[in-house]
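For reference, the structure discussed in these notes is given below.
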Amino acid sequence: MFSVDLATIRRMTDADIPNLKSFVDQTLVSDYFYESSYSLVNRPPIVIAAHQGKVIGAARVYHNSLHPYWVDIGVAVAEEFRRQGLGRKLHEAALQARPLQQHHLGVEGDYDFGNEAAEGFLKSLGYQLRLDCHCFELSLEGFNVSHELVPPSQLTSNSFKITSFKDLFLTPTKQQEVFDFLVSRYTEEHFWSPPHPKDHPEWQKVISNKGILPELSFALLANGQVVGATAAGVTGDDTLDMI
């Protein structure tokens, strides 16, 4: 019987990348750790569990610039090595490799609905499980970036208009209005705590061009008031995140 003590848990090195890719391909339906994890630039720390020259588990923490008060964590263990305490050790090692910062309120992640093993594992670590938002991904394979990623037509009617954050941010009061609108929508979807995130400086940094890309973000105005928005920004793992 396998003992967790037989596994070596350590930070991934460049030499481990091929083995990590093989582990991800065999263990996960999709690339849970994303291709950017394998790059040499801005790579978040990845912790692996190695046994007999193979990667049998991996975990990482990344800081998402569009969700500044939480960090996201991913933990994966090869099926034959589960229920031995390895996931718990990887979880702990990942948070040690990239500790929470003073402004962080907690740790979050996701799992496939109906995965009872994952649910039990997360509950054993103290996580509270809830459905708070729906996530989706767009594969760029065959995606015509030059055609699709263009500013929307300037819809105008008697009361509606689409305009970019870049233009809105020229007026401080409009920038604050965009900020208040995005935070109000975020709190509604994520059961936000504390109750007034707009008072926190990390959210201000996101809106102040540290996370959101104004040139790829747009607001819907009704009679001059912000009533809708699509905000784009680069997350901690160098992927484009859209709200």
Side-chain angles (χ1 to χ4, degrees), residues 34-36 39 41-42 44 62-72 101 103-106 108-110 130-243:
Y34 300 102
E35 284 295 328
S36 61
S39 67
V41 180
N42 297 325
Y62 72 93
H63 297 177
N64 187 329
S65 63
L66 297 185
H67 301 255
Y69 289 99
W70 296 81
V71 301
D72 291 286
Q101 298 177 9
H103 65 270
H104 286 141
L105 298 176
E108 65 182 5
D110 57 65
R130 64 177 186 241
L131 176 64
D132 57 8
C133 62
H134 298 277
C135 300
F136 52 89
E137 294 182 355
L138 172 68
S139 171
L140 294 185
E141 184 177 352
F143 185 76
N144 188 338
V145 175
S146 61
H147 174 70
E148 300 290 348
L149 295 184
V150 295
S153 60
Q154 293 298 304
L155 170 70
T156 57
S157 67
N158 293 333
S159 58
F160 292 105
K161 180 181 179 181
I162 293 177
T163 187
S164 73
F165 283 14
K166 188 175 182 180
D167 292 334
L168 287 175
F169 285 3
L170 296 175
T171 306
T173 55
K174 280 299 178 187
Q175 180 169 339
Q176 185 64 45
E177 187 179 338
V178 169
F179 173 83
D180 291 342
F181 175 80
L182 290 178
V183 171
S184 70
R185 296 300 303 145
Y186 189 88
T187 59
E188 209 170 287
E189 292 288 332
H190 293 77
F191 308 98
W192 185 267
S193 175
H196 301 294
K198 70 178 182 178
D199 298 329
H200 293 267
E202 291 302 317
W203 255 107
Q204 294 281 3
K205 291 178 183 177
V206 173
I207 304 301
S208 302
N209 304 350
K210 295 252 179 144
I212 286 179
L213 302 174
E215 65 274 15
L216 292 180
S217 303
F218 300 87
L220 175 66
L221 305 181
N223 296 318
Q225 300 297 309
V226 177
V227 297
T230 174
V234 178
T235 68
D237 63 356
D238 296 329
T239 60
L240 185 68
D241 197 351
M242 300 187 74
I243 301 174

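Heavy-atom basis, side chains included; hydrogens, waters and symmetry copies ignored.
Looking at every heavy atom in both residues, Ala231 comes nearest to Ser217 through CA-OG, 3.5 Å.
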Just distance, no hydrogens or angles: give the donor-acceptor pairs under 3.5 Å from side chains in residues 165-174, sequence neighbours left out.
unit_1 : atom_1 : unit_2 : atom_2 : d
Asp167 : OD2    : Ser164 : OG     : 3.4
Lys174 : NZ     : Glu177 : OE1    : 2.9
Lys174 : NZ     : Gly224 : O      : 2.3

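With a 4.5 Å cut-off on side-chain heavy atoms, Val227 and Leu221 do not count as touching.
Here CG of Asn223 is found 12.5 Å from NZ of Lys161. Values are rounded to the nearest 0.5 Å. One distance of note links CZ of Phe218 with OG1 of Thr230; it measures 8.5 Å at 0.5 Å rounding.
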